[in-house]
> 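Please read through the structure below; I'll follow up with questions.
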Amino acid sequence: MPSTQTIAARPRERVERPRPPNPVAARAEQQWIFTEEELLHTPSIEDGMSPADERELRRKGMNFIVQVGVMLKLPQLTLSTAGVLLHRFITRKSLVNKDGHKALHHYQIAATSLFLATKVEENCRKMKELVIACCRVAQKNPNLLVDEQTKDFWRWRDTILYHEDVLLETICFDLTIESPYKLLFDMLKYFGLEHNKRVRNAAWTFINDSHATQLCLLFTSRTIAAAALYCGARLCDVSLPDEDGRPWWESQYVKLKDMRRACNYMASIYEKAPVKEGMENIYVGLRTPENGDSMSAATRLRTSQTPMSPAASSVSVDLTGSEQGVKRSREEHVKGDDDTAANGEKERHAQSETDRKDDAAAAEGEPGPKRLKTGSNGGSAKGEPGPKHHQAESNGASVERTQGSAGAAAKRTAGADDDLSEEGEVEE
């Protein structure tokens, strides 16, 4: 059960910031990404096989790869690559026997994919060892005696060598496969969680289980790695910090919607699967709305830099030139009011001669401190009115000198103390 206390993961300074995906590799991988509707029209399904039967054959083929890989002590990275090759081959070749053509068995495809994966990942094994392991797993007898004198040995050997070229042609010699394991480990190191055994094991299990499904044909390797981290963080109640006000998945160049879709897809397959005694099902409670609010994401630790409303930068970019001019005029207007209030004490003790000069200036029509400046085109800048109202002429030629402005100047001369105190209250 998840703990009640939320653990906050912090990125460490010594870890290099994640880099964006390589555009060339991203385009190559995107060619193998399909929708769920497109996967319902594979060659096997078009030839009459049900989608459930095809998914079952994919799962059995991946299980064959895992058992042979365990016998040969191959790393998980090689098994992952073999699984991707298996799924890509089945996407383009039918598993249904036709007139005059016998389709490949899923065990044969799995053995050939594993043989090619050992070369791609440079974890080669001797052909004799691979053939013996395939014979034992296919006949479900780990102690089966197989040598070069048996027919099964040569049958499996010829099958693997012949269909290696068929596999390469089917996948168009595209052997550039980015492993989600490496991406997941980089994310764990970046957030300082590589030593958190519970989070690490949960995320690793997520990727292991994904190989038996079509997840590698629905999402990129980076999205699968981020979804695995999301699953582990939710299970262990770990919150990952924002970076520069952005959620953690954006710093890993992953969309929240795709990440949730991947988790929901895995939960739909494994949430009711039986688990061993003493183990917990990491997929129970993993479902979340795909279009849910990103601010309420359970794995997100919001910082002081995280905006609770649309970012200010996005708002300022949308402002037009006239609106930006209004904003500047308003700031200058407020600044002038602050200066007037700050100098109120000095004006209170001004000489009578200064007051007479102010009256003369008001009589000549000089704008007071609260009058808005007239633009070069004759129109006044649009802004919020101050404590004293000023009205511009409709033709925009000049600012109308009303009796109210003259009265305001006279009132300032007669009772400067009251007027300044009133402005001070407004400014407060």
Side-chain angles (χ1 to χ4, degrees), residues 42-44 49 53-98 101-175 177 179-181 207-217:
T42 58
S44 299
M49 182 180 292
D53 292 340
E54 189 198 49
R55 288 193 295 267
E56 183 65 16
L57 293 182
R58 290 176 184 269
R59 186 192 64 80
K60 290 182 179 180
M62 188 63 205
N63 187 38
F64 181 90
I65 291 175
V66 172
Q67 293 186 37
V68 174
V70 170
M71 285 188 177
L72 298 177
K73 297 181 180 180
L74 290 171
Q76 193 70 39
L77 182 62
T78 303
L79 304 184
S80 173
T81 302
V84 174
L85 295 176
L86 170 72
H87 288 295
R88 292 182 177 181
F89 180 87
I90 297 177
T91 304
R92 290 190 171 180
K93 286 292 184 179
S94 176
L95 301 178
V96 179
N97 296 327
K98 298 181 181 179
H101 172 72
K102 185 178 181 180
L104 283 176
H105 193 270
H106 51 278
Y107 281 178
Q108 296 175 334
I109 303 173
T112 307
S113 301
L114 184 60
F115 176 65
L116 186 58
T118 57
K119 297 181 179 181
V120 174
E121 301 298 338
E122 298 181 355
N123 290 300
C124 298
R125 296 292 187 271
K126 294 181 179 179
M127 175 59 72
K128 181 178 179 179
E129 297 177 354
L130 177 63
V131 171
I132 292 175
C134 290
C135 291
R136 290 175 175 176
V137 173
Q139 299 187 23
K140 300 180 181 180
N141 185 1
N143 299 320
L144 181 67
L145 296 178
V146 181
D147 54 18
E148 297 178 356
Q149 304 300 324
T150 59
K151 294 181 179 180
D152 289 340
F153 178 88
W154 292 104
R155 185 185 303 113
W156 274 99
R157 180 181 180 276
D158 294 341
T159 298
I160 294 174
L161 293 178
Y162 173 77
H163 291 100
E164 181 185 8
D165 295 338
V166 177
L167 177 61
L168 287 172
E169 292 176 1
T170 303
I171 65 175
C172 301
F173 293 85
D174 186 2
L175 300 177
I177 300 175
S179 173
Y181 290 105
I207 298 181
N208 291 343
D209 295 340
S210 70
H211 295 320
T213 67
Q214 299 174 328
L215 197 68
C216 63
L217 301 175

> Taking all non-hydrogen atoms of both residues into account, name the closest pair between Leu86 and Gly61 and its distance.
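In terms of heavy atoms, the two residues are closest at CD2-C, 3.7 Å.
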> Measuring from Thr78:OG1 to Leu116:CG, what's the distance to the nearest 0.5 Å?
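Rounded to the nearest 0.5 Å, the OG1-CG separation comes out at 11.5 Å.
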> One pair to check against side-chain contact (heavy atoms from CB on, under 4.5 Å): Thr159 and His105. What are the steps and the verdict?
CA-CA 11 Å; Thr159 298; His105 193 270; over 6 Å; no
> In Å and rounded to the nearest 0.5 Å, what is the CZ to CD1 distance from Arg55 to Ile90?
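Between atom CZ of Arg55 and atom CD1 of Ile90 there are 13.0 Å.
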> Are Leu114 and Phe64 side-chain neighbours, meaning at least one heavy-atom pair lies under 4.5 Å?
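Contact flag for Leu114/Phe64 side chains = no.
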> If you compare all heavy atoms of Lys119 against all heavy atoms of Cys124, which two are closest, and at what distance to 0.1 Å?
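Heavy atoms of Lys119 and Cys124 come nearest at CA-SG, 4.0 Å.
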> Rounded to the nearest 0.5 Å, what separation is found between the NZ atom of Lys93 and the NE2 atom of His163?
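If we round to the nearest 0.5 Å, Lys93:NZ and His163:NE2 are 10.0 Å apart.
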> Show the numbers, then the answer: is there a side-chain contact (heavy atoms from CB on, under 4.5 Å) between Thr112 and Phe89?
CA-CA 11 Å; Thr112 307; Phe89 180 87; over 6 Å; no
> If we only count heavy atoms from C-beta on, is the Leu95 to Asp53 side-chain gap below 4.5 Å?
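No - every pair of side-chain heavy atoms lies 4.5 Å or more apart.
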> At their closest point, which heavy atom of Lys60 faces which heavy atom of Tyr107, and how far apart are they?
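Nearest pair, atom of Lys60 first, then Tyr107: O-CE2, 4.0 Å.
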> Working to the nearest 0.5 angstrom, can you tell me the gap between Thr150 OG1 and Ile132 CD1?
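With rounding to 0.5 Å, OG1 (Thr150) is 8.0 Å from CD1 (Ile132).
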> According to side-chain hydrogen bond (donor to acceptor under 3.5 Å, both in side chains), who are the partners of Ser80, at least two apart in sequence or on a separate chain?
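side-chain hydrogen bond (donor to acceptor under 3.5 Å, both in side chains) list for Ser80, sorted by chain: His211.
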> Please answer whether the main-chain N or O of Ile109 pairs with a side-chain N or O of Ser113 as donor and acceptor at a distance below 3.5 Å.
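Indeed, once roles are kept as given, a pair shorter than 3.5 Å links the two residues.
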> Is a side-chain donor or acceptor of Asn97 paired with a backbone partner of Ala103 at a separation under 3.5 angstrom?
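Checking the backbone N and O of Ala103 against the side chain of Asn97, a donor-acceptor pair under 3.5 Å is found.
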> If you apply the rule side-chain contact (heavy atoms from CB on, under 4.5 Å), what do you find for Val131 with Phe115, and how did you get there?
CA-CA 10 Å; Val131 171; Phe115 176 65; over 6 Å; no
> By side-chain hydrogen bond (donor to acceptor under 3.5 Å, both in side chains), which residues pair with Arg92, not counting sequence neighbours?
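side-chain hydrogen bond (donor to acceptor under 3.5 Å, both in side chains) list for Arg92, sorted by chain: empty.
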> Quick check: does any side chain N or O of Thr118 sit under 3.5 Å from a backbone N or O of Arg125, one acting as donor and the other as acceptor?
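Not at all, since once roles are kept as given, no pair shorter than 3.5 Å links the two residues.
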> Considering all heavy atoms of both residues, which atom of Cys134 and which atom of Ala111 are nearest to each other, and what is their separation?
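Looks like SG-CB, 3.8 Å.
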> Would you name the heavy atoms of Cys135 and Asp152 that are closest together and state the gap between them?
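Minimum heavy-atom separation between Cys135 and Asp152: SG-O, 3.8 Å.
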> Any chance you could measure Arg155, atom CZ, to Gln108, atom CD, to the nearest 0.5 Å?
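Answer for the CZ-CD pair, Arg155 versus Gln108, is 10.0 Å.
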> What pair of heavy atoms forms the shortest contact from Met127 to Ile160, and how long is it?
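Here Met127 and Ile160 meet closest at CE-CG2, 4.4 Å.
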> In a check of side chain to side chain contact (heavy atoms under 4.5 Å, CB included) between Leu74 and each of Leu130, Asn123, Val66, Val68, which one passes?
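The option that passes is Asn123.
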> Please step through side-chain contact (heavy atoms from CB on, under 4.5 Å) for the pair Arg58 and Glu54, ending with a clear verdict.
CA-CA 6 Å; Arg58 290 176 184 269; Glu54 189 198 49; 3.8 Å; yes
> Is there a donor-acceptor pair under 3.5 Å between the side chain of Arg59 and the backbone N or O of Ala212?
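Not a single qualifying donor-acceptor pair exists.
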> Could you give the distance from CZ (Arg136) to CG (Asn143), rounded to the nearest 0.5 Å?
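Rounded to the nearest 0.5 Å, the CZ-CG separation comes to 7.0 Å.
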